[in-house]
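Data first, discussion second: the structure below is written as structure tokens.
First the proteins, then the strands, lettered A, B, ... as listed; each starts at 1.
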There are 2 protein chains.
Amino acid sequence: MSRAAPTGWQAVHDEALRRIQTREWPPGALIPGEEDLAAELGCARATVNRALRELAEAGLLERRRKAGTRVTEVPSRRAQMSISRIAEEIETRGARPGYALIAADDTPMPPARRHALGIGPDTPTRHVEALHLADGAPYVHENRWISLAAMPAAASADFTTMSANEWLLRHAPFSHGTLDYSAAAAGEAASHLGCDAQTPVMVLDRATFGPETPITWVRLTYAPGFHLHMKI
Amino acid sequence: MSRAAPTGWQAVHDEALRRIQTREWPPGALIPGEEDLAAELGCARATVNRALRELAEAGLLERRRKAGTRVTEVPSRRAQMSISRIAEEIETRGARPGYALIAADDTPMPPARRHALGIGPDTPTRHVEALHLADGAPYVHENRWISLAAMPAAASADFTTMSANEWLLRHAPFSHGTLDYSAAAAGEAASHLGCDAQTPVMVLDRATFGPETPITWVRLTYAPGFHLHMKI
DNA sequence: AATGACGTTATGTATAGACATAATACTCCC
DNA sequence: GGGAGTATTATGTCTATACATAACGTCATT
């Protein structure tokens, strides 16, 4: 009941964050209960709850019923990056996006990738290969298979002007997926990216699933110089 | 007021998610207001608010005062990865973590990296070079500079048994930072990683800041075969 | 026609009170 | 002493109500 000013859950959030960062609440320490904090800061318990919940979601606090709330000993924070349209990604980097279809055919999906996506050998797929450009220069090579069981419309879709990436974002009811970044030699994509086959490049393997079914598997091979930037 | 069962914000969240995924609420559509939904689902407006707020944070809905809530046209979802102790990262991969200090000295920080971290040429730093092992094999090479202005205790810290990574996680009041993954040839780190200098490897440049001051800059060079795995 | 004031409206947030739930701490009984 | 059952307690959540705030539309004024 000492402080009068900081009402609002953000104010409570900031005040708690300050106490954590200044070690007024040291790592591992049990902090006052919601009721006490609400009384001290002059707000309702629900307000304190909202603030502390956000901090817990950020990994700075650990909350357990009955046991109370304590400051995380070794905070394992989450880094985030936004997954968006490749064209948008290129625009964000201040370049003019371009797109060129290389092939849209029925090249069979390799068994290893069928397994990664979780579809059987009989599920029909469509194969799309394309190149995305930034200011006219190769930006990323896209090599994709789409499950026609999940997206029958993909069989007749025209990928010459709209990339499969964007088409799927617009049409597929995607719910979750996995990303797998690795470093590799450019290999077969080298000719499209305008570099040597031995040049180290970033490779992204992505599997995407709808609420019920696997949708697509794609390998994106980025041109040399690509950086994956994230914030914590 | 038709449905009786789904009380609880998670139920409302799931129901809204279902309507988005089934395109009962198609992309771009304006969905019913909180008041209406609360009446329909038989719960309080605050409960609907909580559910829709979560979906908005996940990037599936866009909410604006007065304008209402609409389904995101092209959802740009966020991928998450957890940043943790390197030892923990190795354990997660099912291996026994190991650590070997290579050097702890006063090697000056290169100007480019001083700039990336945002500290002037007069700020004293400490340099630490180390190798992290997984089941005895090289896992990642760590090359780090710590600002002694932010962390004076780092000047006398012993990094022979505890890595600088872990020491900082325990002692530095870190608030935010940037991650920058790229693919590169192993180069100077090759000898430590047991590979050729030309081998493509993943490189992570990380700058870490406290609430007020820059703390540390580190380059982690991962051994060949490393994959960065994320979920959406 | 452009501009500015204002009312309307949907979301954002705060509150007090209540009940639910999980987990610890304790007690009782064997 | 050990195990089962129970009381206690801190967080989790829901409700109803209220007010705050942003933004769109409208209407009047210049």
Checklist outcome for this item: Under a 4.0 Å heavy-atom criterion, DNA chain C is touched by chain A from dT13(C) to dT24(C)
Next on the checklist: Looking at R114(B) and T123(B), would you say the former's side chain and the latter's main chain have a donor-acceptor pair under 3.5 Å?
Outcome noted: yes
Item to check | Nucleotides bounding contact with chain B, strand DNA chain D, heavy-atom threshold 4.0 Å | outcome: dT13(D) to dC24(D)
Item to check | Close residues, residues 58-68 of chain A, relative to DNA chain C [heavy-atom separation under 4.0 Å] | outcome: R64(A), R65(A), K66(A)
Checklist outcome for this item: Taken to the nearest 0.5 Å, the spacing of F226(A) CZ from Y181(A) OH works out to 5.5 Å
Checklist entry - Is a donor on one side and an acceptor on the other found under 3.5 Å between the side chain of T92(A) and the backbone of E88(A)? => result yes
Checklist entry - For F159(A), does its backbone N or O pair with a side-chain atom of Y99(A) as donor and acceptor, under 3.5 Å? => result yes
Next on the checklist: Between H171(B) (side chain only) and W167(B) (backbone N and O only), is there a donor and an acceptor less than 3.5 Å apart?
Outcome noted: yes
Checklist entry - If you look at every strand shown and take non-hydrogen atoms under 4.0 Å, does R45(B) touch a base, only sugar-phosphate, or nothing? => result base
Checklist entry - Counting N and O atoms only, with roles assigned by atom type, does the side chain of R126(A) sit under 3.5 Å from a partner on the main chain of A157(A), one being a donor and the other an acceptor? => result yes
Checklist entry - Are E34(B) and R65(B) within salt-bridge range, i.e. N to O under 4.0 Å? => result no
Checklist entry - Heavy atom of residues 25-34 of chain A under 4.0 Å from DNA chain D: which residues? => result G33(A), E34(A)
Checklist entry - With sequence neighbours excluded, what pairs up with S163(B) under the side-chain hydrogen bond (donor to acceptor under 3.5 Å, both in side chains) test? => result none
Checklist entry - Tell me, which pairs form a side chain to side chain donor-acceptor pair (under 3.5 Å) where one or both residues lie in residues 130-140 of chain B, sequence neighbours left out? => result E89(B)-Y139(B), R93(B)-Y139(B), H132(B)-E142(B)
Item to check | Polar side-chain atom of R50(B) near backbone of V12(B) as donor-acceptor pair, under 3.5 Å | outcome: no
Checklist entry - More than 12 heavy atoms of other residues, nucleotides or ligands under 6.0 Å from NE2 of H115(B): is that the case? => result no
Next on the checklist: How long is the straight-line distance from CG of L17(B) back to CD of Q21(B), given to the nearest 0.5 Å?
Outcome noted: 4.0 Å
